[in-house]
Amino acid sequence: MAERAWVRLPSGRRLDLLSPTPLDWTDADLATGLARTFRWGGHSAWPEPLSVAQHSLSVLALRRSRTRHRLTPLQELREVLHDADEGLINFDCISPLKPFLGQGFADLQARLSAVIATRYRLPPWTIEEKRAHKAVDIAIAAAEAVHVVGWTATEVRETLGIRAAVMARDPLAVRYGDAPWRPWAPDVAAQRFLEELTALQARAGL
């Protein structure tokens with residue numbers, strides 16, 4: 001029998017993580033998965049851990065604010081979906097541990113990322129776009145480490161090795177009216193992510 005790694009999604013659809021297709025999940029499945037997948041190993045100085053859904057929206061918001069030329073809807077989709085594979089696996093491994101998971105796990109992530117790109121028609125990154133994205137992703141990570149998890153700015157630089165200034169301003173706080181950097185409950189994170197994903201697809205004509 002061929003190897004399978006089935007998961008049953010909230011919609012009732014089945015996803016084989018080892019052989020995924022672009023039609024195996026709904027947008028709501030993805031939003032729910034990302035909202036229930038936590039960054040920083042699930043550790044948080046707040047009552048709730050920080051979801052990948054909220055992180056993804058933070059990255060999009062900061063990327064929008066830092067670009068001189070307005071991003072296209074597909075470019076914005078690519079930003080908000082940059083960690084989408086984690087919502088299908090329901091696992092966000094902290095970076096230092098990833099090499100220990102081996103090539104098989106990296107291949108699994110690559111397969112999922114490929115079908116996500118196909119499903120949402122995401123354009124490939126240019127060198128400049130990837131550099132801009134990484135700068136924003138790292139800046140958000142530095143801020144999360146301090147404001148969500150509780151590391152000091154010195155520890156972020158010297159212990160975690162994250163070379164980015166720690167922002168004080170939460171790029172999502174004004175839009176949603178929440179306390180800066182407070183993690184959202186999973187149902188809130190799922191709803192807000194799904195709303196953004198739906199709006200971007202409409203703008204992109206998908």
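No experiment lies behind these values; they were computed from the predicted model shown. Values below: all heavy atoms of this structure, side chains included; hydrogens, waters and symmetry mates excluded.
- Side-chain contact between Phe38 and Leu50 is absent, with no heavy atoms from C-beta onward closer than 4.5 Å.
- Here the side chain of Asp29 pairs a donor or acceptor atom with the backbone of Ser11 at under 3.5 angstrom.
- Atom OG1 of Thr159 and atom CH2 of Trp151 lie 5.5 Å apart (nearest 0.5 Å).
- The side chain to side chain contact (heavy atoms under 4.5 Å, CB included) test applied to Ser19 returns Asp16, not counting sequence neighbours.
- Other cluster members for Leu71: none, since no ILVMFWY side-chain heavy atom sits under 4.5 Å from it.
- For Arg119, the salt bridge (charged side-chain N to carboxylate O under 4.0 Å, His left out) partners are Asp27, not counting sequence neighbours.
- Each of Val59 and Leu30 belongs to its own hydrophobic cluster when Ile, Leu, Val, Met, Phe, Trp and Tyr are linked at side-chain heavy-atom distances under 4.5 angstrom.
- Pairing each heavy atom of His82 with each of Glu79, the nearest pair is ND1-O, 2.6 Å.
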Can you give me every donor-acceptor pair (side chain of residues 134-143, partner residue at least two apart or in another chain, under 3.5 Å) with its distance?
{"residue": "Asp137", "atom": "OD1", "partner": "His55", "partner atom": "NE2", "Å": "2.9"}

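- By the salt bridge (charged side-chain N to carboxylate O under 4.0 Å, His left out) test, Glu86 pairs with no residue at all, sequence neighbours left out.
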Pairs under 3.5 angstrom only: tabulate donor-acceptor contacts from the side chains of residues 172-179 to other protein residues two or more places apart or in another chain.
{"residue": "Arg175", "atom": "NH1", "partner": "Glu196", "partner atom": "OE1", "Å": "2.7"}
{"residue": "Arg175", "atom": "NH2", "partner": "Glu196", "partner atom": "OE1", "Å": "3.0"}
{"residue": "Asp178", "atom": "OD2", "partner": "Trp184", "partner atom": "NE1", "Å": "3.0"}
{"residue": "Asp178", "atom": "OD2", "partner": "Arg192", "partner atom": "NH1", "Å": "2.6"}

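- Here CG of Leu60 is found 11.5 Å from CD of Gln75. Values are rounded to the nearest 0.5 Å.
- Counting heavy atoms from C-beta on, the side chains of Ile116 and Leu88 come closer than 4.5 Å.
- Checked against salt bridge (charged side-chain N to carboxylate O under 4.0 Å, His left out), Arg203 has the following partners two or more places apart in sequence or in another chain: Glu76.
- When side chains are defined from C-beta on, Leu18 counts as touching Arg111, because their heavy atoms get closer than 4.5 Å.
- In terms of hydrophobic clustering, with Ile, Leu, Val, Met, Phe, Trp and Tyr side chains grouped at heavy-atom distances under 4.5 Å, Trp25 and Phe193 are assigned to a common cluster.
- Judged as a ring pair (Phe, Tyr, Trp, His ring centres under 6.0 Å), and not counting sequence neighbours, the contacts of Trp181 are His147.
- Transitive grouping of hydrophobic side chains (ILVMFWY, heavy atoms separated by less than 4.5 Å) keeps Leu194 and Leu57 in distinct clusters.
- Every residue two or more places apart in sequence or in another chain that forms a side chain to side chain contact (heavy atoms under 4.5 Å, CB included) with Ala117 is listed here: Leu122.
- Considering all non-hydrogen atoms of both residues, Pro49 and Ser44 come closest at CA-CB, 3.7 Å.
- Taking all atoms of both residues into account, the shortest heavy-atom contact from Tyr120 to Leu206 is O-CD1, 3.4 Å.
- Using a 4.0 Å cut-off between a side-chain N of Lys or Arg and a carboxylate O of Asp or Glu, Glu48 and Arg182 do not qualify as a salt bridge.
- Taking Arg8 as the reference, Arg14 meet the side chain to side chain contact (heavy atoms under 4.5 Å, CB included) condition, with sequence neighbours excluded.
- Partner Arg78 forms a side-chain contact (heavy atoms from CB on, under 4.5 Å) with one of Arg121, Glu129, Arg63 and no other, that one being Glu129.
- Smallest separation of non-hydrogen atoms from Val146 and Ala153: CG2-N, 4.0 Å.
- Counting heavy atoms from C-beta outward, Thr21 and Leu15 have side chains that stay 4.5 Å or more apart.
- Looking at Glu158, its side chain never comes within 3.5 Å of a backbone N or O of Glu155 through a donor-acceptor pair.
- Note: the hydrophobic cluster containing Leu17 also contains Leu81 (ILVMFWY, side chain heavy atoms under 4.5 Å, direct or indirect links).
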- Message: For a side chain to side chain contact (heavy atoms under 4.5 Å, CB included) check, start with the C-alpha distance between Glu144 and Val149, then their side-chain angles and the critical distance, and finish with the verdict.
- Response: CA-CA 6 Å; Glu144 291 171 353; Val149 187; 5.5 Å; no

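- Looking at heavy atoms from C-beta onward, Ser51 lies out of side-chain contact with Arg36 at the 4.5 angstrom threshold.
- Taking each heavy atom of Ser56 and Asp83 in turn, the nearest pair found is OG-CB, 4.4 Å.
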If you look only at distance, which donor and acceptor atoms sit under 3.5 Å apart when one is on a side chain in residues 89-103 and the other is two or more places apart or in another chain?
{"residue": "Asn90", "atom": "ND2", "partner": "Gly33", "partner atom": "O", "Å": "3.2"}
{"residue": "Asn90", "atom": "ND2", "partner": "Thr37", "partner atom": "OG1", "Å": "3.2"}
{"residue": "Gln103", "atom": "NE2", "partner": "Asp107", "partner atom": "OD1", "Å": "2.8"}

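- Proximity of Leu197 to Leu77: side-chain heavy atoms (C-beta onward) are separated by under 4.5 Å at one or more points.
- Contacts of Arg169 classified as side chain to side chain contact (heavy atoms under 4.5 Å, CB included), with partners at least two apart in sequence or in another chain: Leu62, Ser65, Pro171.
- Hydrophobic clustering (ILVMFWY, side-chain heavy atoms < 4.5 Å, transitive): Val188 and Trp46 are in distinct clusters.
- Contact check for Thr26 versus Arg13: side-chain heavy atoms found under the 4.5 Å cut-off.
- Looking at Val80 and Leu200, their side chains come closer than 4.5 Å, going by heavy atoms from C-beta outward.
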